[in-house]
Structures are given as structure tokens and as C-alpha cells.
Amino acid sequence: MGSKSDFLELEILDHVLGNAAYTAPATVYVALYTVTPSDTGGGTECSGGSYARKDVANNATNWPAASGGAKANGIEIAFVEATASWGTVVAFGIFDALTLGNLLYWGALSANKTIDSGDTPKFAVGELDITED
């Protein structure tokens with residue numbers, strides 16, 4: 001289950017109430033964390049060993065229509081093969097930029113996963129769940 005960041009909460013509030021348009025990014029970037037972020041950001045993103053955020057075109061194929069208060073990935077999201085340990089991944093984040101940028105959503109994984117050299121982490125179709133309450 002994912003949570004909306006404080007940044008995105010404010011953007012949506014201004015968009016819906018105040019006529020300050022928010023434009024969704026054309027591409028979003030999925031990040032992996034060894035320490036879980038929060039609504040304000042933070043956490044510890046993986047680094048080294050060829051780690052990079054995974055780009056995903058922000059369209060209805062890759063992120064099908066929401067249903068029942070939730071949205072999930074419509075395609076497999078596979079990272080590059082690790083060339084060194086990335087540590088134990090405990091959470092994910094979705095950003096609007098490949099580096100730095102704004103955290104949009106984040107969530108803890110249902111099960112922690114140790115990423116060692118030679119591993120190719122991935123999220124199966126429907127595995128990245130974002131919910132609204």
C-alpha cells in the first residue's frame with residue numbers, strides 16, 4: 001500500500017480547490033529504499049552497484065484506471081541487474097524525476113528483499129499498489 005507525499009497532497013489540494021493546475025509528469029521514476037521514507041520524504045534510497053530509479057511512462061497502459069480506491073502498475077517494472085549489493089529493500093517511492101525531484105508516493109514492501117550482485121529486482125503486474133483513503 002502506498003501513501004501520498006506531503007508535496008503531492010498540497011499540489012492536489014491547490015489543483016482541486018483554488019484553480020492552480022497540477023500537471024502530471026509524463027514519466028515517473030520508481031525508487032527502492034533500504035530505510036522507509038515518509039510523507040515528508042527522507043528514508044535511504046539504494047545506491048551503488050548500477051542502481052538507478054526505473055523510469056515508467058505515465059500512461060493508462062502502465063498505470064490502468066483506478067478502482068476501489070486503488071491503482072496499481074499495469075506492466076512489470078524491472079530494474080537493472082545489480083552489480084553489487086543494494087542492501088535489504090524495505091520500501092518504494094515514486095518520483096517525478098530520475099534524480100532528486102519530488103516524491104509523489106511511497107510505501108513499505110509486503111516483504112523485505114535483499115538485493116545482491118546479479119539480482120534483478122522487479123515488481124510484477126499489480127504489485128505496486130497505491131491507495132487513497
Side-chain angles (χ1 to χ4, degrees):
M1 176 174 85
S3 297
K4 203 173 8 285
S5 70
D6 286 350
F7 164 81
L8 189 56
E9 288 174 353
L10 295 175
E11 291 294 316
I12 291 171
L13 283 169
D14 287 344
H15 179 81
V16 175
L17 303 170
N19 200 24
Y22 173 73
T23 302
T27 303
V28 293
Y29 301 85
V30 180
L32 300 175
Y33 283 85
T34 57
V35 175
T36 305
S38 69
D39 288 357
T40 58
T44 303
E45 188 172 353
C46 293
S47 64
S50 299
Y51 171 79
R53 293 177 185 170
K54 177 61 182 163
D55 60 308
V56 180
N58 194 10
N59 60 42
T61 299
N62 298 340
W63 303 102
S67 176
K71 192 167 189 96
N73 56 310
I75 60 162
E76 179 181 85
I77 299 172
F79 289 77
V80 299
E81 181 179 316
T83 59
S85 174
W86 294 356
T88 300
V89 175
V90 300
F92 71 90
I94 299 176
F95 283 83
D96 60 5
L98 180 60
T99 59
L100 301 176
N102 298 296
L103 178 64
L104 304 175
Y105 290 98
W106 65 274
L109 300 183
S110 57
N112 297 347
K113 172 70 175 153
T114 300
I115 307 299
D116 292 317
S117 183
D119 290 343
T120 304
K122 60 183 97 177
F123 292 100
V125 172
E127 194 171 30
L128 261 183
D129 293 318
I130 307 298
T131 58
E132 293 287 337
D133 48 6

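Sequential numbering from 1 along the given sequence is applied to the chain's residues.
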Could you tell me whether the side chain of K122 and the main chain of E76 form a donor-acceptor pair under 3.5 Å?
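No, the answer is negative, given that no donor and acceptor are paired below the 3.5 Å cut-off.
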When you measure from the side chain of S85 to the backbone of D116, do you find a donor-acceptor pair of N or O atoms at a distance under 3.5 Å?
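Side chain of S85 to backbone of D116, a donor-acceptor pair under 3.5 Å: no, none is there.
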Please find the pair of heavy atoms, one from [X] and one from [Y], that lie closest to each other, and give the distance.
| X | Y | answer |
| --- | --- | --- |
| P64 | A72 | CD-O, 3.3 Å |
| N62 | A57 | ND2-O, 2.9 Å |
| P37 | G42 | CB-O, 3.5 Å |
| P25 | L104 | CG-CD1, 4.2 Å |
| T36 | A91 | OG1-CB, 3.7 Å |

By the side-chain hydrogen bond (donor to acceptor under 3.5 Å, both in side chains) test, which pairs, at least two apart or in different chains, include something from residues 90-102?
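Passing the test, one end in residues 90-102: D96-N102.
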Any side-chain hydrogen bond (donor to acceptor under 3.5 Å, both in side chains) involving residues 4-28? Give me the pairs, sequence neighbours left out, ordered by first then second residue.
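Every pair satisfying side-chain hydrogen bond (donor to acceptor under 3.5 Å, both in side chains) with a residue in residues 4-28: K4-E132.
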So if you build clusters from Ile, Leu, Val, Met, Phe, Trp, Tyr with side-chain heavy-atom gaps below 4.5 Å, do [X] and [Y] land together?
| X | Y | result |
| --- | --- | --- |
| L8 | V16 | yes |
| I115 | L109 | yes |
| V56 | V80 | yes |

Begin from the C-alpha positions of T88 and T34 and carry the test side chain to side chain donor-acceptor pair (under 3.5 Å) through to its verdict.
CA-CA 6 Å; T88 300; T34 57; over 6 Å; no
Could you walk me through whether E45 and R53 pass salt bridge (Lys or Arg N to Asp or Glu O under 4.0 Å), step by step?
CA-CA 9 Å; E45 188 172 353; R53 293 177 185 170; 3.0 Å; yes
Would you give the length of the straight line joining atom [atom1] of [X] to atom [atom2] of [Y], rounded to the nearest 0.5 angstrom?
| X | Y | atom1 | atom2 | value |
| --- | --- | --- | --- | --- |
| D55 | I77 | CG | CD1 | 10.0 Å |
| Y33 | T44 | OH | OG1 | 9.0 Å |
| I94 | L128 | CD1 | CG | 5.5 Å |
| D39 | F7 | CG | CZ | 13.5 Å |
| F123 | D129 | CZ | CG | 10.5 Å |
| L103 | F95 | CG | CZ | 4.5 Å |

Picking from V89, L32, D119, what satisfies side chain to side chain contact (heavy atoms under 4.5 Å, CB included) with F79?
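Going through V89, L32, D119 one by one, the side chain to side chain contact (heavy atoms under 4.5 Å, CB included) with F79 is satisfied by L32 alone.
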Residues in ring-ring contact (aromatic ring centres under 6.0 Å, His included) contact with Y51, at least two apart in sequence or another chain
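So Y51 forms a ring-ring contact (aromatic ring centres under 6.0 Å, His included) with W86.
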